[in-house]
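The next block holds one structure in the form of structure tokens; read it before the comments.
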Amino acid sequence: MTIATLTKPWQAFSYGFLDASAKRELRRKMLKAIAVPGCQMPYASREVPMARGWGTGGLQVTLTLLKPSSVVKVIDQGADDSVNAASIRSFLSKVSGAAETWDTLAATLIQSRHRIPEERLRADQVLVLQVPNPEPLRPVEPNMSVARQMHADADYGRLWLILYEQIVRSGRIMQGASYPALVNGRHVMTPSPIPRWDLPKLHMAQHLTFLSAGREKRLYAVPPFTRVEPLVFSDVPYKVEDHAALTCHRSGVAGYFMNEIPQDGGGSVFELSDSHLGIKAIRRRDGEDVALGATWYENGKMPR
């Protein structure tokens, strides 16, 4: 007996890296997630060539959806050129033959960490959000078995209590990213660590959204034209970050979500979080013929 007899001949990886069995399971769970919006579906999270906690859940969903005609965009907190976004985008292209892009309008499949692009997504686009913690009840119920029973009973009273306590102590709701939201009037989900600014973009949107947590082995979905309503009291309206009056120091664009960049002198400047929208705005300002898509927000407010 030799090592050669104990090993199989070399074969190329399956298309899209994941084997057929993994893709079949993920597709079944994705269909179930679409059928029951906001409900967490367990799946056997596979090993992929990146560390847990760096987007393995989103990567597995994206690999399952990929095909040679796909056009892939990957962003990390709004930036297309970060190390994480560039590495994932290059990997997806290499294992599938799919085209890469930074342009939201050109993409058919968008994987994102912590942001939703400012340009409106179309019905033929799919958004995949990476999720570190998919369980909205974890702050109030650490026992996951009990938490799942609470979901089954639609028992979300403790979440309302947390929001009420924030109002009593601080005069306003302090919850920022991962603001809990009721999906289709039934299940409460945590919408990834996207800012409050991005949560209204999921409400009655044309596109399909998948949210996947590889480390926690859970995925859930928001189908097109589904109600996504943040948990709010009737006398305390939901408020997004007050960025309407901020102007990007690079592109001159105002009325969108900004990153604050501290300066040596003690002050700050602001830069458009959606990096490629800022690039397109600069190119258009310089006289290039660049297509800018319709945006969710106009002058810092979302039209009703």
Side-chain angles (χ1 to χ4, degrees), residues 37-38 75-79 104 110 112-121 127 129-133 136 139 156 159-160 162-185 188-207 209 211 222 224-261 268-278 281 292-304:
I75 54 177
D76 185 349
Q77 299 197 22
T104 301
I110 301 170
S112 174
R113 174 176 178 261
H114 298 186
R115 282 306 317 277
I116 297 176
E118 296 290 356
E119 293 172 287
R120 284 183 176 270
L121 302 184
L127 175 66
L129 290 175
Q130 302 167 200
V131 184
N133 176 22
Y156 298 119
L159 284 179
W160 287 103
I162 283 183
L163 298 177
Y164 174 74
E165 289 176 343
Q166 291 177 9
I167 294 174
V168 170
R169 293 172 180 171
S170 306
R172 62 187 179 92
I173 294 177
M174 302 298 292
Q175 182 79 25
S178 303
Y179 196 102
L182 185 66
V183 183
N184 201 35
V188 169
M189 72 166 186
T190 178
S192 175
I194 59 174
R196 288 176 300 180
W197 181 277
D198 284 346
L199 182 54
K201 298 176 183 178
L202 296 175
H203 176 65
M204 299 302 290
Q206 297 183 42
H207 68 279
T209 302
L211 304 97
V222 178
F225 303 106
T226 299
R227 287 181 292 125
V228 178
E229 301 157 312
L231 299 187
V232 290
F233 298 98
S234 57
D235 57 341
V236 183
Y238 181 77
K239 292 183 179 180
V240 302
E241 292 82 355
D242 187 13
H243 289 191
L246 304 180
T247 301
C248 175
H249 76 110
R250 292 183 181 274
S251 63
V253 171
Y256 300 107
F257 192 84
M258 301 285 172
N259 294 330
E260 184 176 0
I261 304 175
S268 297
V269 297
F270 296 91
E271 186 174 312
L272 194 60
S273 176
D274 188 333
S275 64
H276 196 253
L277 180 62
L292 290 177
T295 55
W296 304 95
Y297 285 84
E298 296 176 4
N299 299 319
K301 295 184 178 180
M302 180 173 284
R304 295 186 178 181

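Keep in mind it's a predicted model, so treat the numbers as computed, not measured.
Legend: salt bridge (charged side-chain N to carboxylate O under 4.0 Å, His left out) pairs involving residues 231-253, not counting sequence neighbours, sorted by first then second residue: R196-E241, R250-E271. Pairs passing the side-chain hydrogen bond (donor to acceptor under 3.5 Å, both in side chains) check and including a residue from residues 175-184, sequence neighbours excluded, do not occur.
By the ring pair (Phe, Tyr, Trp, His ring centres under 6.0 Å) test, F270 pairs with no residue at all, sequence neighbours left out. Taking the side-chain hydrogen bond (donor to acceptor under 3.5 Å, both in side chains) definition, one finds that S275 meets it with D80, sequence neighbours left out. A search for side chain to side chain contact (heavy atoms under 4.5 Å, CB included) contacts involving S273 returns R115, F257, N259, not counting sequence neighbours. Looking at residues two or more places apart in sequence or on another chain, you find no side-chain hydrogen bond (donor to acceptor under 3.5 Å, both in side chains) involving H276. For F233, the ring pair (Phe, Tyr, Trp, His ring centres under 6.0 Å) partners are W160, not counting sequence neighbours. Contacts of P132 classified as side chain to side chain contact (heavy atoms under 4.5 Å, CB included), with partners at least two apart in sequence or in another chain: P193, R215. With sequence neighbours excluded, the residues that form a side-chain hydrogen bond (donor to acceptor under 3.5 Å, both in side chains) with H207 are T209. Looking at residues two or more places apart in sequence or on another chain, you find no side-chain hydrogen bond (donor to acceptor under 3.5 Å, both in side chains) involving D274. With sequence neighbours excluded, the residues forming a salt bridge (charged side-chain N to carboxylate O under 4.0 Å, His left out) with R113 are D76, listed by chain and number. Take E229 and apply the salt bridge (charged side-chain N to carboxylate O under 4.0 Å, His left out) test, not counting sequence neighbours, and it matches R227.
Nearest heavy atom pair, residue L159 against residue P136, reads CD2-O, 3.4 Å. Residues E119 and G293 share a closest heavy-atom pair of OE2-N, 2.7 Å. When all heavy atoms of L202 and V228 are compared, the pair lying nearest together is O-CG2, 3.6 Å. Smallest separation of non-hydrogen atoms from P200 and V240: CG-CG1, 4.2 Å.
When atom types are taken as modelled, the side chain of Y256 and the backbone of L272 share no donor-acceptor pair closer than 3.5 angstrom. A distance-only check finds a donor-acceptor pair linking the side chain of W296 to the backbone of P117 [under 3.5 Å].
Atoms CG and CG, on L211 and L127 in that order, are 7.5 Å from each other to the nearest 0.5 Å. Taking CD1 of I75 as the start and OG1 of T104 as the end, the distance is 6.5 Å to the nearest 0.5 Å.
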*Just do the side-chain contact (heavy atoms from CB on, under 4.5 Å) check on I110 and L121 with the steps written out, would you?*
CA-CA 10 Å; I110 301 170; L121 302 184; 3.6 Å; yes

*Let me see the working for I116 and I194 under side-chain contact (heavy atoms from CB on, under 4.5 Å), right down to the final yes or no.*
CA-CA 7 Å; I116 297 176; I194 59 174; 4.0 Å; yes

_Chi angles and distances behind the side-chain contact (heavy atoms from CB on, under 4.5 Å) call for N133, T190_ = CA-CA 8 Å; N133 176 22; T190 178; 5.7 Å; no

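Looking only at atom types and distance, the side chain of E118 has no donor-acceptor partner in the side chain of T295 under 3.5 Å away.
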